[in-house]
Amino acid sequence: MKTDSISITDQPIDYAAITEQVRSNECGAVVLFMGTVREMTAGKQTVALDYEAYPEMADQMMQQLIDEARDQWDVHAIAIEHRVGHLTLGEISVAIAVSSAHRKEAFAAGHFLIDRLKEIVPIWKKENWSDGTTEWEHPEIKAK
Amino acid sequence: MTAQQIQVRLFARARELANSDLISVQVGGETTVARLRQAIAEQVPQLQPLSGRLLIAVDNAYAGEDQLLTETQEVACFPPVSGG
């Protein structure tokens with residue numbers, strides 16, 4: 001039985017290692033989601049993103065996400081890793097790996113986990129636009 | 001009821017606007033999250049651009065407006081999250 005894992009790191013995310021953490025002979029399905037730094041957003045060009053976390057609370061909220069996912073789907077193991085610091089184009093900001101016996105549960109849980117992470121986990125990003133300006137991204141959502 | 005001095009950790013744009021990752025806010029009367037919010041608005045006017053959008057967390061969990069605070073709890077204040 002694999003155990004779940006959560007981490008916040010300032011180092012590049014090793015997505016192969018994250019995936020291996022959840023793989024098992026009991027599982028026919030492994031789903032990996034990777035958030036990566038995109039160049040164009042609504043016609044504006046990004047050169048880099050700065051991520052900041054409230055690490056103690058983020059750990060707690062990510063554990064809550066895992067509990068919520070396990071309440072809904074029969075998954076084998078979940079691994080979530082989020083990076084903080086200065087990320088340039090194409091770098092991975094977050095990786096979520098989920099394994100389950102069958103594909104349906106792994107896809108559903110993975111989809112839920114990334115959507116929910118963006119709602120409640122206290123991590124923030126600041127855009128570094130190509131014109132030299134910076135801007136914190138703070139969507140108008142109410143966290144619960 | 002005596003006033004309480006609450007230490008509040010700030011993150012992201014709130015941290016930048018206040019130019020500090022920790023502020024000390026004096027809250028008189030019943031120390032609820034709503035009162036703290038009001039005290040922050042009065043005592044840290046630099047956070048005005050985020051007014052009405054700031055979230056309050058107590059001991060690493062999102063707090064409701066009626067929740068009571070003590071000086072020993074860890075309190076944080078930040079804008080809506082944007083990770084991922």
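All values below come from the heavy atoms of this structure, side chains included, with hydrogens, waters and symmetry mates left out. Chain identifiers are assigned alphabetically (A, B, ...) following the order of the sequence lines, protein sequences preceding nucleic acid strands; residue numbering begins at 1 within each chain. These figures come from a predicted structure and were not determined experimentally.
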Atom CZ of residue position A:Phe112 - does it have more than 12 heavy atoms of other residues, nucleotides or ligands inside 6.0 Å?
yes
Side chains of B:Arg15 and A:Glu52: does their closest heavy-atom pair fall under 4.5 Å?
yes
Identify which part of A:Ala53 has an atom lying under 4.5 Å from any heavy atom of chain B, answering side chain, backbone, both or neither.
backbone
For A:Asp67, does the CG atom sit with more than 12 other heavy atoms under 6.0 Å from it, leaving out its own atoms?
yes
Can any side-chain N or O of A:His82 pair as donor or acceptor with the backbone N or O of B:Gly84 at less than 3.5 Å?
yes
Check whether B:Leu22 and B:Val27 end up in the same hydrophobic cluster, where Ile, Leu, Val, Met, Phe, Trp and Tyr are linked by side-chain heavy atoms less than 4.5 Å apart.
no
According to a hydrophobic-cluster definition based on side-chain heavy atoms being under 4.5 Å apart (Ile, Leu, Val, Met, Phe, Trp, Tyr only), do A:Ile80 and A:Tyr15 belong together?
no
With a 4.5 Å cut-off on side-chain heavy atoms, are A:Pro122 and B:Phe11 touching?
no
For A:Glu56, is it the side chain, the backbone, both, or neither that has a heavy atom closer than 4.5 Å to a heavy atom of chain B?
both
Hydrophobic clustering (ILVMFWY, side-chain heavy atoms < 4.5 Å, transitive) - are A:Trp73 and A:Ile96 grouped together?
yes
Minimum-distance pair of heavy atoms, taken over all atoms of B:Asn60 and A:Tyr54
OD1-OH, 3.1 Å
Exceeds 12 heavy-atom contacts within 6.0 angstrom, atom NE2 of A:His86
yes
Checking heavy atoms, do the side chain of A:Trp136, its backbone, both or neither come under 4.5 Å from chain B?
side chain
N-O pairing of B:Arg13 and A:Glu137 below 4.0 Å:
no
Is there a donor-acceptor pair under 3.5 Å between the side chain of A:His138 and the backbone N or O of B:Pro79?
no
For atom CG of A:Asp74, decide whether the heavy atoms of other residues, nucleotides or ligands shown that lie under 6.0 angstrom number more than 12.
no
With the 4.5 Å side-chain cut-off for hydrophobic clustering, are A:Val22 and A:Leu117 part of the same group?
no
What is the distance from atom OH of B:Tyr62 to atom CE of A:Met61, rounded to the nearest 0.5 Å?
6.5 Å
A:Val121 versus B:Val81, closest heavy-atom pair with distance:
O-CB, 3.3 Å
Heavy-atom pair with the smallest gap, counting every atom of A:Tyr51 and B:Gly83
CE2-CA, 4.3 Å
Could you check whether atom CZ of A:Arg23 has more than 12 heavy atoms from other residues, nucleotides or ligands sitting under 6.0 Å from it?
no
Output for pair (A:Lys118 NZ, B:Ser82 OG), nearest 0.5 Å, gives 8.5 Å
